[in-house]
Amino acid sequence: EPAFVCGQDSVIDFNENRYATVSINGQCWTKSNIRASNYTDGRLIEDRYCLTNDACKDLRGAHYSYTSAINSIDHGDSTTIYQGVCPKNWHVVNDSEWSSLIEFLQIEGNGGSGTRVKSKLLFVNGTSPSGLDFRLTGTFGFDLNRAGNESVHWSSTGDIGSLDNANYYMLTEAANP
């Protein structure tokens, strides 16, 4: 079997959803939001929500609670790799990986022109400059009805001791990061 090439090859989850990939600063990302309804072992993912019946079938992806996203009732830490809802051999992004992506995209010319990370990540007119097609699909646990205005992306790194303090990265229509 040929070696996986990020940016050329796709990954497939248990439900046979296909995710295109993009390489940014040595990190490999899925271009679109995860939409799996089962973990890689076949178990049904609890606390999975969709904006509409079709939303979990398209690139908008699904919304997951934090514990469902990382597939653990333990709170995330910076050293544990959580596969969670991700396809086999992939994992939920941690704070260090998010920081690396953000710092890279803040530099002029990296992932598109300008220094605004939001404008390099958001899906507009068919793509985004960086190749990561994040969509403003609403926010699980905050306000699922805010689709089109904001989105939340979990980090597997959490504030130790409290599931109420899970780390996440929010993109909003009004944000200017």
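Residues take their numbers from the sequence shown, with the count starting at 1. If you're wondering where the values come from, they're calculated on a predicted model, not measured in any experiment.
In this structure, the side chain to side chain donor-acceptor pair (under 3.5 Å) partners of S68, at least two apart in sequence or on a different chain, are S65. For T40, the side chain to side chain donor-acceptor pair (under 3.5 Å) partners are Q83, not counting sequence neighbours. Considering only residues two or more places apart in sequence or on other chains, E108 meets the side chain to side chain contact (heavy atoms under 4.5 Å, CB included) condition with S113, T115. Taking V92 as the reference, I70, C86, S156 meet the side chain to side chain contact (heavy atoms under 4.5 Å, CB included) condition, with sequence neighbours excluded. Under the rule for a side chain to side chain contact (heavy atoms under 4.5 Å, CB included), the partners of I107 that lie at least two apart in sequence or sit in another chain are N110. In this structure D41 satisfies the side chain to side chain donor-acceptor pair (under 3.5 Å) test together with R43, sequence neighbours excluded. For S37, the side chain to side chain donor-acceptor pair (under 3.5 Å) partners at least two apart in sequence or on another chain are N15.
If you take CD on Q27 and CG on L101, they are separated by 6.0 Å, rounding to the nearest 0.5 Å. Rounding to the nearest 0.5 Å places NZ of K31 at 9.0 Å from OG of S130. One distance of note links CG of N71 with CD of E46; it measures 10.5 Å at 0.5 Å rounding.
In this structure, V85 and A36 approach most closely via the heavy-atom pair O-CB, 3.9 Å. The minimum heavy-atom distance linking D95 with T157 is given by the pair N-OG1, 3.0 Å. The shortest heavy-atom contact between W154 and A69 is CD1-CB, 3.7 Å.
Of the possible polar contacts, none joining the N17 side chain to the D13 backbone as a donor-acceptor pair under 3.5 Å is found.
Residue pairs meeting the ring-ring contact (aromatic ring centres under 6.0 Å, His included) criterion with at least one partner in residues 4-37, sequence neighbours excluded, are W29-W98. The stretch residues 12-47 participates, sequence neighbours left out, in these disulfide (SG to SG under 2.5 Å) pairs: C6-C28.
With a 4.5 Å cut-off on side-chain heavy atoms, P87 and I34 count as touching. When side chains are defined from C-beta on, H91 does not count as touching Y82, because their heavy atoms never get closer than 4.5 Å. Using a 4.5 Å cut-off on side-chain heavy atoms (C-beta onward), H63 and R35 make no contact.
N94 and S155 form no side-chain donor-acceptor contact under 3.5 Å, judged by distance and modelled atom types alone.
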Exercise. I would like to know whether I45 and Y64 meet side-chain contact (heavy atoms from CB on, under 4.5 Å); could you show each step before the answer?
Key: CA-CA 8 Å; I45 299 172; Y64 303 95; 3.7 Å; yes
Quiz prompt | Criterion side-chain contact (heavy atoms from CB on, under 4.5 Å) on N25 and S100, from CA distance to verdict | solution = CA-CA 8 Å; N25 194 29; S100 177; 3.9 Å; yes
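Hydrophobic clustering of Ile, Leu, Val, Met, Phe, Trp and Tyr side chains at less than 4.5 Å, counting indirect connections, keeps W90 apart from I12.
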